[in-house]
Amino acid sequence: MGKTYERIDGRLRTFIEEQPVFFTATAPLSGDGTVNLSPKGLRGSFAVLDEHTVAYLDFAGSNAETIAHLRENGRITLMWCAFQGPPNIVRVHGRGEPVFRDDPRFTDLLATHFPGIDPSPHGLRAIIVVHAELVRDTCGYAVPFMTYDEDRDLHAKRFAREDDESLSAYFAKKEHIATSMDGLPGLPLPLSPI
């Protein structure tokens, strides 16, 4: 029932770009390490860069497991589910990297691919760039119908109170930002200005 694709284009690209939520999964190399699975949302914070590359904005949160895992081994899977319309699940398996604020690519990636997002109220930490190695879809017959009402505004309200200095101080106090739950290097602190 599943199909493998050589590139992210056409119907597949349209499907991915229309979804209001997707999920990321990463894991450390250690067999007893913590597997991380995270939901991602906020319209405009995901972009298809080309037929083999996607990216999303990594905002402030209570840990930095995805960043730590990508820094260690680069493995990542992204998944989208059709909660409306015809059933479908799309997975992009690939290699990812966090592009931090001090990376020369950061400013251009942000301006070119995420023009509708004001990063200041969200505590933008990095842009995660994923190079697809395997793109597959499956039936999604068991995925329920759910409706999308709107993005929550709580994240923006919470982090709009922070500037780069206070955000760095906030992250420094958190247990699993600079170092992952498994002791891997996480988000480099202090944050560089945007």
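- The main-chain N or O of Glu175 is never found under 3.5 Å from a side-chain atom of Thr179 such that the two would form a donor-acceptor pair.
- The SG atom of Cys81 lies 9.0 Å from the CG atom of Asn88; values are rounded to the nearest 0.5 Å.
- Remark: side-chain polar atoms of His131 are not paired, donor with acceptor, to backbone N or O of Val54 under 3.5 angstrom.
- Applying the salt bridge (Lys or Arg N to Asp or Glu O under 4.0 Å) test to residues at least two apart or on different chains, the pairs with a partner in residues 35-59 are Arg7-Glu51, Asp58-Arg125.
- Qualifying side chain to side chain contact (heavy atoms under 4.5 Å, CB included) partners for Leu29, counting only residues two or more places apart in sequence or in other chains: Glu72, Asn73, Arg75.
- Shortest non-hydrogen contact noted between Pro193 and Asp164 is CA-OD2, 3.2 Å.
- Of the possible donor and acceptor atoms, one in the side chain of Ser180 sits under 3.5 Å from a partner among the backbone N and O of Asp182.
- To the nearest 0.5 Å, the span separating CD1 on Ile76 from CD1 on Ile128 amounts to 6.5 Å.
- Taking Arg105 as the reference, Glu97, Val99, Asp103, Leu109 meet the side chain to side chain contact (heavy atoms under 4.5 Å, CB included) condition, with sequence neighbours excluded.
- Partners of Ser192 according to the side chain to side chain contact (heavy atoms under 4.5 Å, CB included) rule, which considers only residues two or more places apart in sequence or in another chain, are Arg101, Asp102.
- Applying the salt bridge (Lys or Arg N to Asp or Glu O under 4.0 Å) criterion to Lys173, with sequence neighbours excluded, gives no partner residue.
- When all heavy atoms are compared, the tightest approach of Leu37 to Ala25 is CD1-CB, 4.0 Å.
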**Message:** Working note: Val92 + Ile8, criterion side chain to side chain contact (heavy atoms under 4.5 Å, CB included); need CA distance, chi angles, decisive distance, verdict.
**Reply:** CA-CA 9 Å; Val92 171; Ile8 301 167; 4.2 Å; yes
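- Between Ser38 and Asn36, the side chains place a donor N or O and an acceptor N or O closer than 3.5 Å (distance only, hydrogens not considered).
- Each ring-ring contact (aromatic ring centres under 6.0 Å, His included) pair with one or both residues in residues 156-194, not counting sequence neighbours, appears once here: His155-Phe159, Phe159-Tyr170.
- Ile117 and Gly44 make their closest contact through CG1-O, 3.3 Å (heavy atoms, listed as atom of the first residue, atom of the second, distance).
- The structure places CG of Leu110 at 6.0 Å from CG of Leu124, a figure rounded to the nearest 0.5 Å.
- The closest side-chain heavy-atom distance from Leu134 to Tyr5 is not below 4.5 Å.
- Shown here for Leu184 and Pro28, the closest heavy-atom pair between the two residues is CD1-CB, 3.8 Å.
- When the shell of 6.0 Å around CD of Glu165 is examined, it contains 12 or fewer heavy atoms from other residues, nucleotides or ligands.
- Pairs passing the ring-ring contact (aromatic ring centres under 6.0 Å, His included) check and including a residue from residues 15-34, sequence neighbours excluded, read Phe22-Phe46, Phe22-Tyr56, Phe22-Trp80.
- Asn63 has its side chain out of reach of Lys174: every pair of non-hydrogen atoms, C-beta onward, lies at least 4.5 Å apart.
- Following chains of ILVMFWY side-chain contacts shorter than 4.5 Å, one can reach Phe59 starting from Val129, so the two form part of one hydrophobic cluster.
- Scored by the side-chain hydrogen bond (donor to acceptor under 3.5 Å, both in side chains) test, Asp149 finds no partners at all (sequence neighbours excluded).
- By the 4.5 Å heavy-atom criterion applied to side chains, Val135 and Thr4 are not counted as neighbours.
- Shown here for Pro87 and Gly140, the closest heavy-atom pair between the two residues is CB-O, 3.5 Å.
- How far CG of Leu42 is from CZ of Phe114: 11.0 Å, rounded to the nearest 0.5 Å.
- Taking the side chain to side chain contact (heavy atoms under 4.5 Å, CB included) definition, one finds that Pro190 meets it with Ser168, sequence neighbours left out.
- Note that the CD1 atom of Ile67 and the OG1 atom of Thr26 stand 10.5 Å from one another [nearest 0.5 Å].
- Counting only residues at least two apart or on different chains, the salt bridge (Lys or Arg N to Asp or Glu O under 4.0 Å) pairs with a member in residues 11-22 are Arg11-Asp137, Arg13-Glu17.
- Proximity of Arg95 to Glu133: side-chain heavy atoms (C-beta onward) are separated by under 4.5 Å at one or more points.
- Listed by first and then second residue, the ring-ring contact (aromatic ring centres under 6.0 Å, His included) pairs that reach into residues 89-110 come to none, sequence neighbours excluded.
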**Request:** For His113 and Leu49, run side chain to side chain contact (heavy atoms under 4.5 Å, CB included): C-alpha distance rounded to whole Å, both residues' side-chain angles, the deciding distance at 0.1 Å, then the answer.
**Result:** CA-CA 7 Å; His113 298 288; Leu49 306 189; 3.3 Å; yes
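- Using a 4.5 Å cut-off between side-chain heavy atoms of Ile, Leu, Val, Met, Phe, Trp and Tyr, Phe145 forms no hydrophobic cluster with any other residue.
- Here the closest non-hydrogen pair linking Gly123 and Leu167 is CA-CD2, 3.5 Å.
- Hydrophobic clustering keeps Val21 apart from Ile16 (ILVMFWY residues linked when any side-chain heavy atoms are closer than 4.5 Å, directly or through intermediates).
- A donor-acceptor pair is defined here as one N or O able to donate and one able to accept, closer than 3.5 Å; no such pair exists between the side chain of Ser166 and the backbone of Glu162.
- Rounding to the nearest 0.5 Å gives a distance of 6.5 Å between CG of Leu78 and OG1 of Thr24.
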**Request:** For Arg136 and Val90, run side chain to side chain contact (heavy atoms under 4.5 Å, CB included): C-alpha distance rounded to whole Å, both residues' side-chain angles, the deciding distance at 0.1 Å, then the answer.
**Result:** CA-CA 6 Å; Arg136 289 191 45 81; Val90 174; over 6 Å; no
